[in-house]
Amino acid sequence: MRGNLVIGAVLVGLTVVAALVSFVWTPHDPTLVDAAHRLAPPGGDYLLGTDKFGRDTLSQLMVGARTTLYVGIVAVGIAAVIGTPLGMLAGMTPRGWLSELIMRVNDLVFAFPALLLAVMLGAVYGAGTLTAMIAIGVATVPAFARIARAATMQVMVTDYIMAARAAGRRGPAIALRHVLPNIGSMLIVQASVSFAIAILAEAALSFLGFGTRPPTPSWGRMLQEAQELLFSTPRLALWPGLAIALAVLGFNLLGDGLRDHLDPKLRRIRAER
Amino acid sequence: MISYLAKRVAVLLASTATAGVVVFAFMALLPGDPAEVALGVNATPEAIEALRRQWGTDRPPLTQFLDWIGGLAAGDFGVSYVTSSPIGQQIGERLGVTLTLVVGGMVIALIVAVPAGTFAAVHHRNPLGALISAASQVGIAVPAFLAGILLVFVFAVQAQALPSGGYVPLTEDPSLWFQSLLLPWLSLGLVQGAVLTRYVRSAVLEVMREDYLRTARAKGRGRMGALWRHGLRNAAIPVVTVLGLQLATLLIGAVVVERVFVIPGLGDLLLNGVAQRDLLLVQGVVMVLVVAVLLVNFVVDVAYAVLDPRLR
């Protein structure tokens, strides 16, 4: 469906634009505590109102988008850079002991969800954006390794790989020149889906206090702060909640749309959620 | 089958042992000696030394590790550095609460996903089916803790029908117990149900293309009748696999949802443990959660091999 791709791209685009604009302009200083304007209602000077410290909600949302994308980019980057070569290696030598070892380690890492890794890292080094990014990234490695392996195994039985082999190309050359370009679209789809999961994980970690530390705004912590005021000022939970859901929806739809658009042949391999 | 099972059990044991090494090594990196931390800055060196000996933290790391993992195998998690109470007992009490959350969430997910997914598959060409697909996309984008906050807003703040948090044990008052868990169950179950709906839909769609379903129709069964008698059973295989894998997600989701609703489960124990720097407690809870995930994966693998002999 073309619709998925368009809606996904628009939602992701909105998040990216909000984040980029926040570098040069926000309506107010998102971290400025202003007792005179505590819990100001939406409208006028504060388009979406202010929180209990008088901080502007819209400005916080914009900078929060930055935090979200930053964590997502680094986490997915870590997962792709580690997981892809390992998965390709396992896929090119499916019967070897190395492949077996890689997949076993993969299963083991899979048993450590991002949240547990982040809590452990946080306990040792003090929780923050860095520990959250690393935890989410490491926990996402298995998804990339599996997709890369499955896609590589499909590619390895094609005629052009046979031809390359017959022409005397070595493993690394085949991997770089023939396998990687052909599994690239699958990896992009996986990256988009993993990005959505990373946003969810970052929000959960910030909500629990194991993510980005105050005063840097993050959607998850905005929600956590909003929870105690749910009875009096529910709108404080509405905006960050909406931001998280729309960003995640955007990346998921983008992933689905890209999968249908980029390579119909590989449609059978599902991105891992 | 026996050799397959033996191999899987060996892998499970090896993974568990390796996970133990990872968890222990990680926590050993923690700066500060637990005895010094516990006694504060004014403690005499003698007192610290005595406490170290009492806890056994003066021994070499390898001895400590073997002692810890050996204890785990026997169900002994050691004694908390902070509260001096046995950790195994605390974990046991909390595990029940968390598992109740997970199982309830799973039941709700199934109640939502099986009819919704089947409906969406049968009506995949008309707007109603598309609407369900779209709704499940939106559901997937909502984290369980956000669903929890929304549910609190609707049912506790607006309708004032259910408590916004807290937990009443089943033995104390079954009715209040149910009320205290209903919103947490829904938070986990609706979100997981949205994920599951997609899998049910594609599994049923797949089955609908099969010849045996056409045969059943040709023999005079209605569309739903054929699907009910022949289709759903076959569609169940991939769904059961996903369901197993989702148990792990639910377990972690429960950790966060416990925070939203102030429920004294494993997540609550874990996060409090971190806050109080209760090293051994954190180690124990993390290990229980990791082993739970490993066990679920093991069961899913074996179940799959039983259902589909080609995978052995």
Side-chain angles (χ1 to χ4, degrees), chain A residues 1 3-4 7-8 11 104-105 107-117 119-127 196-197 199-205 207-210 219-220 223-224 226-227 230-232 234 237-238 240-242 244-253 256 270 272-273, chain B residues 11 14-16 18-19 22-23 26-31 137-150 152-153 156-158 164-165 195 198 202 242 245 248-249 251-253 255-256 259-260 267 270-271 273-275 277 279 282-283 285-286 289-297:
Chain A
M1 273 206 296
N4 280 351
I7 300 173
L11 290 175
R104 288 285 159 253
V105 173
D107 286 349
L108 187 68
V109 175
F110 187 72
F112 286 86
L115 186 108
L116 283 190
L117 285 177
V119 168
M120 284 162 70
L121 275 173
V124 176
Y125 299 105
I197 297 169
I199 295 175
L200 289 173
E202 194 275 334
L205 286 173
F207 180 79
L208 293 176
F210 282 91
W219 294 343
L223 267 176
Q224 185 247 318
Q227 204 197 340
L230 205 53
F231 283 84
S232 57
L238 173 71
L242 208 57
I244 293 169
L246 288 180
V248 174
L249 184 65
F251 277 101
N252 272 336
L253 289 178
D256 286 358
R270 261 175 177 272
E272 301 224 357
R273 285 184 199 278
Chain B
V11 168
S15 311
T16 307
T18 319
V22 172
V23 172
F26 226 93
M27 289 301 158
L29 290 174
L30 202 67
Q137 268 290 11
V138 173
I140 293 170
V142 176
F145 70 92
L146 175 56
I149 292 176
L150 288 174
V152 166
F153 179 67
V157 178
Q158 294 288 322
S164 65
V195 179
R198 280 173 67 102
S202 60
V242 175
L245 294 175
T249 321
L251 200 61
I252 297 307
V255 169
V256 190
R259 260 291 137 117
V260 177
L270 174 69
L271 298 175
V274 173
R277 302 177 64 89
L279 179 73
V282 173
Q283 242 171 253
V285 179
V286 168
L289 290 172
V290 169
V291 169
V293 177
L294 285 172
L295 261 181
V296 166
N297 291 346

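Letters go in sequence order (proteins before strands), and every chain restarts at 1.
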Q: Chain A heavy atoms under 4.5 Å from Ala19(B): which part of the residue, side chain, backbone, both or neither?
A: both
Q: Name the region of Val274(B), side chain, backbone, both or neither, that has any atom closer than 4.5 Å to a heavy atom of chain A.
A: side chain
Q: Less than 4.5 Å to any heavy atom of chain A: does that hold for the side chain of Leu270(B), its backbone, both, or neither?
A: side chain
Q: What distance separates Leu146(B) CG from Ile244(A) CD1, expressed to the nearest 0.5 Å?
A: 6.0 Å
Q: So which of Val282(B), Leu251(B), Val260(B), Asn297(B) has the largest heavy-atom pair count under 4.5 angstrom toward chain A?
A: Val260(B)
Q: Top residue by heavy-atom pair count (under 4.5 Å) with chain A, among Ile252(B), Leu294(B), Val142(B)?
A: Ile252(B)
Q: Should Phe145(B) and Leu208(A) count as side-chain neighbours, where that means a heavy-atom distance under 4.5 Å?
A: no
Q: Could you measure the distance from the CZ atom of Phe153(B) to the CG atom of Leu238(A)? Nearest 0.5 Å is fine.
A: 8.5 Å
Q: Starting at OG of Ser164(B), measure out to CG of Leu230(A) and round the result to the nearest 0.5 Å.
A: 8.5 Å
Q: Using non-hydrogen atoms only, which part of Phe251(A) is less than 4.5 Å away from chain B: side chain, backbone, both, or neither?
A: neither
Q: Heavy-atom distance under 4.5 Å to chain B: side chain of Ala196(A), backbone, both or neither?
A: neither
Q: What residue in Ile199(A), Leu246(A), Leu121(A) has the most heavy-atom pairs under 4.5 Å with chain B?
A: Leu121(A)
Q: For a quick test of reading the model, state the closest non-hydrogen atom pair linking Met120(A) to Val23(B) and the distance between them.
A: CE-CA, 4.0 Å
Q: What is the distance from atom CZ of Phe26(B) to atom CG of Leu116(A), rounded to the nearest 0.5 Å?
A: 11.0 Å
Q: Might you point out which heavy atoms bring Ile149(B) and Phe207(A) nearest each other, and give the distance in Å?
A: CD1-CE1, 3.9 Å
Q: For Phe231(A) versus Ala156(B), what's the shortest heavy-atom pair and its separation?
A: CE2-O, 4.1 Å
Q: So which of Val119(A), Val109(A), Val105(A) has the biggest tally of heavy-atom pairs under 4.5 Å with chain B?
A: Val119(A)
Q: Can you confirm whether the side chains of Asp256(A) and Gln137(B) place a donor and an acceptor under 3.5 Å from each other?
A: yes
Q: Hey, could you give me the CG/CG distance between Leu271(B) and Leu115(A), rounded to the nearest 0.5 Å?
A: 7.5 Å
